[in-house]
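As structure tokens, the structure follows; a few thoughts come after it.
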Amino acid sequence: EAILRERQVEYFCELGDRWYTLKRVGKVDVITQQLRPSSWKSYAQLYPIPQPARDTNPFLTQNDGYR
């Protein structure tokens, strides 16, 4: 927790650093749910896979929540 707090303070101007840190330590849902309780959906941690990529590789499936 201390490291997460330090990274939040240290890198507050670094675009995207906090997001990747939260993803890396598995805290995206916990933190984002506090910030956006009415609009956060857990599936938003992953981006949708573009249709051209899925057309090219039939073994790819769309990430949950984007179907």
Side-chain angles (χ1 to χ4, degrees):
E1 292 300 318
I3 291 172
L4 287 174
R5 175 68 180 138
E6 184 61 29
R7 288 185 65 84
Q8 179 183 11
V9 171
E10 181 82 19
Y11 296 115
F12 77 96
C13 285
E14 302 294 327
L15 298 174
D17 183 78
R18 177 127 170 97
W19 176 255
Y20 291 117
T21 298
L22 293 174
K23 283 187 75 164
R24 187 171 39 255
V25 299
K27 298 248 181 189
V28 172
D29 277 336
V30 174
I31 301 298
T32 311
Q33 185 64 39
Q34 292 172 359
L35 297 173
R36 299 178 183 169
S38 62
S39 64
W40 174 248
K41 305 290 186 229
S42 184
Y43 69 81
Q45 293 181 51
L46 300 174
Y47 293 119
I49 299 173
Q51 187 63 47
R54 293 189 347 227
D55 291 343
T56 303
N57 184 346
F59 297 105
L60 286 176
T61 58
Q62 187 57 273
N63 289 322
D64 290 335
Y66 295 106
R67 295 182 183 168

Under the salt bridge (Lys or Arg N to Asp or Glu O under 4.0 Å) rule, collect the residues that match up with [X], sequence neighbours excluded.
{"X": "E1", "answer": "K27"}
{"X": "R54", "answer": "none"}
{"X": "D64", "answer": "R67"}

**Q.** Minimum side-chain heavy-atom gap K23-L46 below 4.5 Å
**A.**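 Yes, close enough: below the 4.5 Å cut-off.
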(Q) I want to check something: taking the side chain as every heavy atom from C-beta on, are W19 and I31 in contact at a cut-off of under 4.5 Å? (A)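 Of all side-chain heavy-atom pairs linking I31 with W19, none is under 4.5 Å.
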Q. Would the number of heavy atoms belonging to other residues, nucleotides or ligands and lying under 6.0 Å from CD1 of I3 be above 12?
A.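 Open: at most 12 neighbouring heavy atoms sit under 6.0 Å from CD1 of I3.
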Q: Just jot down the side-chain contact (heavy atoms from CB on, under 4.5 Å) partners of Y43, sequence neighbours excluded, or say none.
A: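 side-chain contact (heavy atoms from CB on, under 4.5 Å) list for Y43, sorted by chain: K41, Y66.
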Q: Hydrophobic side-chain clustering at under 4.5 Å (ILVMFWY, transitive links): who's grouped with I49? Put none if nobody.
A: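 The other cluster members (ILVMFWY side chains, heavy atoms under 4.5 Å, direct or chained) are L60.
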Q: Any chance you could pull the hydrophobic cluster mates of L4, using side-chain heavy atoms under 4.5 angstrom and chaining through other members?
A: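 ILVMFWY cluster around L4 also holds V25.
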Restricting to side-chain hydrogen bond (donor to acceptor under 3.5 Å, both in side chains), what partner residues turn up for [X], sequence neighbours left out?
{"X": "D29", "value": "W40, S42, Q45"}
{"X": "D55", "value": "Q51"}
{"X": "T21", "value": "R7, R24"}
{"X": "Q8", "value": "R5"}

Q. Shortest non-hydrogen contact from P52 to T56?
A.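 Smallest interatomic distance, heavy atoms only, reads O-OG1, 2.8 Å.
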